Amino acid sequence: MITARPRGTADILPEEAAGWRYVEDTFRTICREYCYEEIRPPIFEHTELFERGVGDTTDIVEKEMYTFRDKGDRSITLRPELTAPVVRAYLENNLNAGPQPVKLYYTGPMFRYDKPQAGRFRQFHQLGAEVLGSPLPAVDAELIAMIMKFYGRLGLKGLELHINSVGCPRCRSDLRERLQQFLDPRLSSLCSNCRGRFLRNPLRILDCKEKECADISSGAPTTLDCLCPDCESHFSSVKGYLDRLGIAYQVDSRLVRGLDYYTNTAFEVMSRDIGAQSSIGGGGRYDGLIEAVGGQPTPGVGFALGVERILLTMKGQGIELPGRDRPDVFVVNADPDTEREAFEILFALRKGGLSADKDYLGRSMKAQMKYAGKTGCRFVVILGGNELKRGAAGVKDMASGAQVEMTLNELAGQIKKKMYGGE
RNA sequence: GUGGAUGUAGCUCAGGUGGUUAGAGUACCAGAUUGUGGCUCUGGGGGCCGUGGGUUCGAGUCCCAUCAUCCACCCCA
């Protein structure tokens, strides 16, 4: 072998790919029901889009981006998330000039240079949605409802929905001041990481997991203590919609999203079944982002869900996923001299609307039968010299073992009747 | 980026204190069955023992380094 796959990547083999397809299809169906349309931005973007659109004090931009210079000496970055690219596409294609709001969804790979562990990869996959152009709290609630509906449809149980409001820039500068006042005398007890955050981004100290920091900040003012009347009313309105839909949540004032342009609502869904990387989806409102990327001030909300973590949770909860596809029919020919006829009949079956395969290794009849059994096919069509002369073939039901004779020109129709048509 | 555990057939794993041609189960292929899968039996192919150094008469086994995987911290999906 020349080389192994790069660290933190995975080969999704046919068996698992079926489960992926199922999860993605379920998501697409929900998106259609909620009237979100698909968008497919590129896999890579100019680096400055993420520097400005994600925030250059975030871990993503500081140390996790796959960045390189292309042959035209442009700085290019493999997308670590898709909110900023979607906003860029919205502006670049003048979607802001059409009917508002614009409701979009996406699926696909993202790239972050992290150290891999359970539920964390360097290439991972997200399902996401964004609503651009509406400031109303009902949209926040719709997105959250959509996520919970999706998880429910997959059969996931016992998930925790955490929500919080981080307010607007005015609330945050208020909080920032109060936090710094509160923390200043205790600064020496904080972890080194948080001492660094004290000036740059004190909000992040709130969700530091170090015991010392958590103890100290447990008495600190939180985002909710500093909401202005507008933000306060936005937050209670979101909660009201969720209550009305019967969606359970817990308010978590320590939930602070790492991205710089988040405003008001922040939410995260946690799974207990997949180890330390317990977040299987999250999102929030980002009314400051579009302006930061260069557009007119425009409100936005969105979420992203991790496909790998969803699949891990499903596995952990013992939820069955579809396996690989099985052929309807496998053509076995008993006599090597009739291989041409077998080939023709194979294509006739396919033309008749069945998924069909045959042996391509010139195997003995017994070996063909054995192989047919391994493909999991529902029927085997057996071609022998004697029946062929009469224009007929044997059709064996692999589950029951029962075999009947059918004329060649009605093979596909008769088999379909056996599959779908009662008897 | 920091720390811990683990690397032996495709897969799951054996291989006391270094000592001949490195084993099992399973999977794969073939035969037993001259035109019929699953069960059973028999046989067969398949190993740079993660990689590179070192110690030794001799290393799968001991030492060092390196890479990879898993797990945790950090962060997030």
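Every chain is numbered from 1 and lettered A, B, ... according to where its sequence line falls, protein lines coming before strand lines. Computed from a prediction, not measured in an experiment: that's the story for all the values here.
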Chemist: Whole Å only: how far is the CD1 atom of Ile280(A) from the C1' atom of rC76(B)?
Modeler: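 Rounded to whole Å, this separation is 14 Å.
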
Chemist: Looking only at N and O atoms, is any donor in the side chain of Arg309(A) or the base of rC76(B) less than 3.5 Å from an acceptor on the other one?
Modeler: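 Side chain to base: pair found, below 3.5 Å.
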
Chemist: Mark yes or no for a side-chain to base donor-acceptor pair under 3.5 Å between Gln277(A) and rC75(B), with no hydrogen or angle criteria applied.
Modeler: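 It does, because a donor-acceptor pair links the side chain of Gln277(A) to the base of rC75(B) below 3.5 Å.
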
Chemist: Considering only rG37(B), rC75(B), rG3(B), which nucleotide approaches the side chain of Met398(A) most closely?
Modeler: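 So the side chain of Met398(A) is nearest to rG37(B).
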
Chemist: rG45(B) and rC63(B): how far apart are their P atoms, nearest whole angstrom?
Modeler: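 It comes out at 36 Å once rounded to the nearest Å.
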
Chemist: In the structure I gave you, are the side-chain heavy atoms of Tyr249(A) and Val238(A) within less than 4.5 Å of one another anywhere?
Modeler: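 Sidechains of Val238(A) and Tyr249(A): no contact.
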
Chemist: What integer distance in Å separates Met365(A):CE from rU34(B):P?
Modeler: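 From Met365(A) CE to rU34(B) P: 12 Å.
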
Chemist: Going by purine N1 to pyrimidine N3 plus the second Watson-Crick contact, or the G-U wobble pair, all under 3.5 Å, which nucleotide sits opposite rC29(B)?
Modeler: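 Answer to the pairing question: rG43(B), which forms a Watson-Crick or G-U pair with rC29(B).
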
Chemist: Choose from rA68(B), rG35(B), rC74(B) the nucleotide whose nearest atom is closest to any side-chain atom of Ala334(A).
Modeler: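 Of the options given, the side chain of Ala334(A) lies nearest rG35(B).
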
Chemist: Contact class for Gln368(A) vs. all strands (heavy atom < 4.0 Å): base, sugar-phosphate, or nothing?
Modeler: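 Counting heavy atoms under 4.0 Å across all strands, no contact is made by Gln368(A).
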
Chemist: Using the C1' atom as the reference point in each nucleotide, state the distance between rC11(B) and rU2(B) in Å, no decimals.
Modeler: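 Looking at atom C1' only, rC11(B) and rU2(B) are 33 Å apart.
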
Chemist: In whole Å, measure the gap between the P atoms of rG53(B) and rG60(B) for me.
Modeler: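 It works out to 14 Å between them.
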
Chemist: So Ala372(A), base contact, sugar-phosphate only, or nothing? Heavy-atom distance under 4.0 Å.
Modeler: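 If one applies the 4.0 Å heavy-atom cut-off, Ala372(A) turns out to touch nothing in the nucleic acid.
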
Chemist: From CG of Leu82(A) over to C1' of rC76(B), roughly how many Å is that when rounded to an integer?
Modeler: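 Distance, rounded to whole Å: 16 Å.
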
Chemist: Would you name the heavy atoms of Ile319(A) and Gly155(A) that are closest together and state the gap between them?
Modeler: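 Answer, listing the atom of Ile319(A) first, then Gly155(A): CD1-O, 3.2 Å.
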
Chemist: Is a donor-acceptor contact shorter than 3.5 angstrom present between the side chain of Arg112(A) and the base of rC75(B)?
Modeler: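 Side chain to base: no pair below 3.5 Å.
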
Chemist: Before giving the answer on side-chain contact (heavy atoms from CB on, under 4.5 Å), spell out for Val131(A) and Val102(A) the whole-Å C-alpha distance, their side-chain angles and the decisive distance to 0.1 Å.
Modeler: CA-CA 6 Å; Val131(A) 178; Val102(A) 174; over 6 Å; no

Chemist: Both Ile382(A) and Ala367(A) contact RNA chain B. Which one's nearest nucleotide lies toward the 5' end?
Modeler: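 Nearer the 5' end of the strand: Ala367(A).
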
Chemist: Nearest to the Gln403(A) side chain among rU36(B), rG31(B), rG1(B), which nucleotide is it?
Modeler: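 Closest nucleotide to the Gln403(A) side chain: rU36(B).
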
Chemist: Expressed in whole Å, how much space separates the P atoms belonging to rG46(B) and rA9(B)?
Modeler: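 The answer is 15 Å between these two P atoms.
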
Chemist: Within the structure, does a side-chain N or O atom of Gln117(A) lie under 4.0 Å from either OP1 or OP2 of rA72(B)?
Modeler: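 Yes.
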
Chemist: Would you mind telling me which of rG31(B), rA77(B), rG1(B) lies closest to the side-chain atoms of Asp114(A)?
Modeler: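 For the Asp114(A) side chain, the nearest candidate turns out to be rA77(B).
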
Chemist: Measure the distance from CZ on Phe330(A) to P on rG37(B) and round it to the nearest whole Å.
Modeler: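 To the nearest whole Å, that distance equals 14 Å.
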
Chemist: Which part of the nucleic acid, if any, lies within contact of Gly8(A), taking any heavy atom under 4.0 Å across all strands shown: a base, the sugar-phosphate backbone alone, or nothing?
Modeler: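 Gly8(A): backbone/sugar contact only, no base atoms under 4.0 Å.
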
Chemist: Check whether Tyr66(A) forms a cation-pi arrangement with Arg112(A) (NZ or CZ under 6.0 Å from the six-membered ring centre, at most 45° off the ring normal).
Modeler: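 No, Arg112(A) and Tyr66(A) do not form such a contact.
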
Chemist: Find the partner of rG7(B): check Watson-Crick (N1-N3 plus N6-O4 or O6-N4) and G-U wobble (N1-O2, O6-N3) distances, both under 3.5 Å, and reply none if neither fits.
Modeler: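 Its partner is rC67(B).
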
Chemist: Base, sugar-phosphate or nothing for Lys366(A)? Non-hydrogen atoms, less than 4.0 Å.
Modeler: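 The residue Lys366(A) makes base contact.
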
Chemist: If you compare all heavy atoms of Arg7(A) against all heavy atoms of Arg122(A), which two are closest, and at what distance to 0.1 Å?
Modeler: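 Smallest interatomic distance, heavy atoms only, reads O-CD, 3.3 Å.
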
Chemist: Under 4.0 Å between any heavy atoms, over every strand shown, what does Tyr371(A) touch: base, sugar-phosphate, or nothing? Just pick one.
Modeler: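 The answer is nothing, as Tyr371(A) stays clear of every strand by at least 4.0 Å.
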
Chemist: On the nucleotide rC29(B), are OP1 or OP2 found under 4.0 Å from the side-chain N or O atoms that Lys370(A) carries?
Modeler: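 Answer is no, no contact under 4.0 Å.
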
Chemist: Please report, rounded to the nearest Å, how far the C1' atom of rG38(B) is from the NZ atom of Lys396(A).
Modeler: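 From Lys396(A) NZ to rG38(B) C1': 9 Å.
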
Chemist: Looking across every strand, which nucleic acid part, if any, lies under 4.0 Å from Gly401(A) by heavy atom: base, sugar-phosphate, or nothing?
Modeler: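 Result for Gly401(A) = base.
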
Chemist: Would you say the ring centers of Phe44(A) and Phe111(A) fall short of 6.0 Å from each other?
Modeler: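 No, they do not, as the ring centres are separated by 6.0 Å or more.
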
Chemist: By nearest nucleotide on RNA chain B, pick out whichever of Glu308(A) and Leu383(A) is the more 5' one.
Modeler: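 Taking each residue's closest nucleotide, the earlier one in sequence belongs to Leu383(A).
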
Chemist: Is Gly384(A) touching bases, backbone alone, or none of the nucleic acid, heavy atoms closer than 4.0 Å?
Modeler: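 Counting heavy atoms under 4.0 Å across all strands, the contact made by Gly384(A) includes a base.
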
Chemist: Rounded to whole angstrom units, what separation is found between the CZ atom of Arg122(A) and the C1' atom of rC74(B)?
Modeler: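 One finds 14 Å between C1' of rC74(B) and CZ of Arg122(A), rounded.
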
Chemist: Is Gly119(A) touching bases, backbone alone, or none of the nucleic acid, heavy atoms closer than 4.0 Å?
Modeler: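 Base contact.
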
Chemist: Nearest to the side chain of Lys63(A) - rG37(B), rC74(B), rC73(B)?
Modeler: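 Per side-chain heavy atoms of Lys63(A), the pick is rC74(B).
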
Chemist: rC13(B) and rG7(B): how far apart are their C1' atoms, nearest whole angstrom?
Modeler: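 After rounding to an integer number of Å, I get 13 Å for this pair.
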
Chemist: Write down the distance separating the C1' atoms in rU8(B) and rG44(B), rounded off to the nearest Å.
Modeler: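 Comparing C1' positions in rU8(B) and rG44(B) gives a spacing of 22 Å.
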
Chemist: Would you indicate what Gln123(A) reaches in the nucleic acid, counting non-hydrogen atoms under 4.0 angstrom: base, sugar-phosphate, or nothing?
Modeler: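 Counting heavy atoms under 4.0 Å across all strands, no contact is made by Gln123(A).
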
Chemist: Quick check: any donor-acceptor pair below 3.5 Å linking the side-chain of Glu62(A) to the base of rC75(B)?
Modeler: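 It does not, because no donor-acceptor pair links the side chain of Glu62(A) to the base of rC75(B) below 3.5 Å.
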
Chemist: Between rA77(B) atom C1' and Ile147(A) atom CD1, what is the distance in whole Å?
Modeler: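 After rounding, the reported distance stands at 12 Å.
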
Chemist: Could you check whether Arg363(A) gets within reach of a base, just the sugar-phosphate, or nothing at all, counting any heavy atom under 4.0 Å?
Modeler: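 Answer is sugar-phosphate: Arg363(A) comes under 4.0 Å of backbone atoms only.
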
Chemist: Hey, which of Glu339(A), Glu341(A), Glu344(A) is the one that makes salt bridge (Lys or Arg N to Asp or Glu O under 4.0 Å) with Lys358(A)?
Modeler: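 The option that passes is Glu339(A).
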
Chemist: Students often get this wrong, so: under 4.0 angstrom with heavy atoms, is Asn386(A) touching a base, only sugar-phosphate, or nothing?
Modeler: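 The residue Asn386(A) makes base contact.
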
Chemist: Determine the interatomic distance between P on rG18(B) and the same-named atom on rG43(B); round to the nearest Å.
Modeler: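 One P to the other, the span is 36 Å.
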
Chemist: Only pairs with both distances under 3.5 Å count, Watson-Crick or wobble alike; so what is the partner of rU2(B) in this structure?
Modeler: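 Because both required distances fall under 3.5 Å, rU2(B) counts as paired with rA72(B).
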
Chemist: With rounding to whole Å, what would you report as the distance between rU42(B) and rA27(B) at their P atoms?
Modeler: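 rU42(B) and rA27(B) have their P atoms separated by 14 Å.
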
Chemist: Specify the closest pair of heavy atoms between Cys168(A) and Cys231(A), including all atoms of both residues, with the distance to one decimal.
Modeler: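 In this case the closest contact between Cys168(A) and Cys231(A) is N-SG, 3.4 Å.
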
Chemist: Of all heavy-atom pairs between Ala334(A) and Gly384(A), which one has the smallest distance, and what is that distance?
Modeler: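 Of all heavy-atom pairs spanning Ala334(A) and Gly384(A), the closest is CB-CA, 4.3 Å.
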
Chemist: Mind calculating the distance between CG (Asn333(A)) and P (rU36(B)) to the nearest angstrom?
Modeler: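 Checked: the CG to P distance equals 14 Å.
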
